[in-house]
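Notes to accompany the following structure.
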Amino acid sequence: MEDPTAHWSGLTPREAIALQREAASRVVIEDDLPEVKLVAGVDVGFENRDTARAAIVVLRLEDLKPVDHAVARLPVPMPYIPGLLSFRECPVILEALSRLRRDPDLLLCDGHGIAHPRRLGVASHTGLLTGLPTIGVGKSRLTGTHGPVPEEQGGWTPLVDKDEEIGAVLRTRSGVKPLYISAGHRISLETALHYVLACTTRYRLPETTRWADGIASDRGQKWLGQLTLSPD
DNA sequence: GCGACAG
DNA sequence: ATCTTGTCGC
């Protein structure tokens with residue numbers, strides 16, 4: 001299968017923005033996903049200024065145990081520009097996804113979904129490029145405003161931008177900074193919140209993201225050593 | 001024109 | 001994202 005990001009090198013910011021506007025119109029934020037048995041988390045780390053490393057870990061939703069994983073390395077296409085993150089990360093994410101032996105039913109991405117100025121954060125863009133249902137899990141705000149977040153675990157408040165509900169600010173654990181959850185592709189905010197909580201145990205970040213973060217970082221080897229791939 | 005600004 | 005160690009608190 002050909003690489004849909006093959007023409008991304010050398011894109012100017014304004015060309016990237018034009019591309020986002022067109023792509024955003026194709027994002028689906030209604031539930032259109034299969035029964036979720038396998039959930040995956042993806043994260044991208046940088047070995048240095050020009051090499052990106054993506055890690056994906058697939059977990060069985062039932063017990064949150066890893067059943068597959070993949071890592072990919074690729075040159076970094078362009079510098080980081082707020083709002084254009086997907087152009088930096090999608091290529092290496094697609095490469096890692098292609099190396100997976102088992103396709104997940106749902107993918108949780110590091111970064112926002114439609115909680116983006118043009119409604120096309122890295123989670124939505126990745127969903128569009130792969131056709132996979134995706135959820136945006138951001139650790140900080142890019143755009144939008146919100147009121148106080150309930151302190152109890154599971155509590156949340158809407159994230160709004162221009163009178164539009166673009167996501168939710170969710171307290172995954174009491175006493176920790178909240179997470180910014182938004183629909184990526186083929187999923188509603190309500191369902192996205194459900195799965196993020198279903199993947200969260202004792203930490204601020206869902207297990208999917210924790211695994212992917214660990215492997216994409218320099219401590220990757222330590223995490224890989226913990227991967228006791230559970231059989232089907 | 002002046003801030004804000006995922007990872 | 002990444003540079004970096006110890007340390008305050010439950």
Side-chain angles (χ1 to χ4, degrees), chain A residues 5 8 13-14 16-17 19-20 23-24 27 41-56 71-96 107-129 134-146 149 151-153 159-162 166-185 189 192 196 202-206 208-220 222-223:
Chain A
T5 72
W8 284 9
R14 65 177 307 168
I17 289 173
L19 198 158
Q20 288 184 321
V27 171
V42 59
D43 182 46
V44 177
F46 296 85
E47 302 182 351
N48 53 58
R49 242 341 129 56
D50 34 45
T51 302
R53 174 168 53 194
I56 299 181
V71 176
R73 302 169 72 244
L74 229 51
V76 178
M78 57 188 280
Y80 169 69
I81 298 174
L84 300 182
L85 179 68
S86 62
F87 293 93
R88 246 171 94 77
E89 305 195 342
C90 281
V92 71
I93 288 175
L94 297 194
E95 176 61 34
L107 179 65
L108 307 216
C109 304
D110 237 50
H112 303 289
I114 65 166
H116 174 281
R118 290 169 295 281
R119 310 292 181 261
L120 197 79
V122 64
S124 296
H125 211 161
T126 298
L128 219 43
L129 258 22
T134 60
I135 295 175
V137 179
K139 295 184 289 295
S140 65
R141 188 194 67 93
L142 171 59
T143 192
T145 59
H146 65 83
V149 186
E151 287 300 331
E152 69 277 14
Q153 106 97 266
L159 177 63
V160 177
D161 188 30
K162 298 171 182 172
I166 59 174
V169 191
L170 173 70
R171 191 79 69 182
T172 49
R173 298 292 293 171
S174 58
V176 301
K177 294 198 309 179
L179 251 31
Y180 294 77
I181 309 304
S182 56
H185 185 51
L189 175 59
V196 168
R202 58 188 309 192
Y203 303 96
R204 177 167 85 122
L205 299 175
T208 41
T209 306
R210 294 187 66 244
W211 275 103
D213 274 356
I215 294 177
S217 75
D218 323 288
R219 314 101 60 191
K222 184 174 82 68
W223 285 75

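What you see below is based on every heavy atom in this structure, not just the backbone, and it leaves out hydrogens, waters and symmetry mates. Note that this is a predicted model, so its numbers are computed, not measured. Letters A, B, ... mirror the listed sequences (proteins, then strands); counts begin at 1.
- Here the P atom of nucleotide dA6(B) and the CD1 atom of Ile93(A) are 16 Å apart, to the nearest Å.
- Residue-level contact check: Leu84(A) touches the bases, meaning some heavy atom is under 4.0 Å from a base atom.
- The distance between atom CD1 of Ile81(A) and atom C1' of dA1(C), rounded to the nearest whole Å, is 15 Å.
- Once the 5.5 Å centre distance and the 30° plane angle are applied, the aromatic ring of Tyr80(A) is found not to be stacked with the base of dA1(C).
- Separating the CG atom of Asp213(A) from the P atom of dT2(C) is a distance of 9 Å, rounded to the nearest angstrom.
- Listed for the Thr143(A) side chain is no donor-acceptor partner under 3.5 Å among the backbone atoms of His116(A).
- For the segment residues 136-146 of chain A, residues with any heavy atom less than 4.0 angstrom from an atom of DNA chain B are, sorted by number, Gly138(A), Lys139(A), Ser140(A), Arg141(A), Leu142(A).
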Next item on the list: Any chance you could encode DNA chain C as dot-bracket? Rule is Watson-Crick or G-U wobble with both distances under 3.5 Å; [ ] for pairs crossing earlier ones, | for another strand.
Entry: ..........
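- Between Glu151(A) and Arg171(A), at least one side-chain N (NZ, or NE/NH1/NH2) sits under 4.0 Å from a carboxylate O, which counts as a salt bridge.
- In this structure, the side chains of Leu205(A) and Leu179(A) come closer than 4.5 Å at one or more pairs of heavy atoms.
- With hydrogens and angles left out, the side-chain atoms of Gln20(A) and Arg118(A) include a donor and acceptor closer than 3.5 Å.
- Lys162(A) has its NZ atom 13 Å from the C1' atom of dA4(B), to the nearest Å.
- Under the 3.5 Å distance criterion, the side-chain polar atoms of Ser124(A) are matched with a main-chain donor or acceptor of Gly184(A).
- Considering only heavy atoms from C-beta on, Leu120(A) comes within 4.5 Å of Leu128(A) through its side chain.
- Note: Trp8(A) and His125(A) have tilted aromatic rings, judged against thresholds of 30 and 60 degrees for the angle between ring planes.
- Between the side chain of Arg204(A) and the main chain of Lys177(A), a donor-acceptor pair closer than 3.5 Å is present.
- In this structure, Ile17(A) places its CD1 atom 17 Å from P of dC5(B), rounding to the nearest Å.
- For the pair His116(A) NE2 and dG7(B) P, the computed distance is 12 Å after rounding to whole Å.
- The distance from atom CZ of Phe87(A) to atom P of dA6(B) is 17 Å, rounded to the nearest whole Å.
- For the pair Arg210(A) and Tyr203(A), the cation-pi criterion (under 6.0 Å, within 45° of the ring axis) is fulfilled.
- Counting only distance, with no hydrogens or angles, the side chain of Arg53(A) and the backbone of Val44(A) share no donor-acceptor pair below 3.5 Å.
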Item checked: Base-pair map of DNA chain B as dot-bracket, where | denotes pairing with a different strand and pairs are Watson-Crick or G-U under 3.5 Å -> .......
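- Distance Arg118(A) CZ to dA4(B) C1': 14 Å, rounded to the nearest Å.
- Put simply, the side chain of Thr208(A) never gets that close to the backbone of Gly41(A): no donor and acceptor are under 3.5 Å apart.
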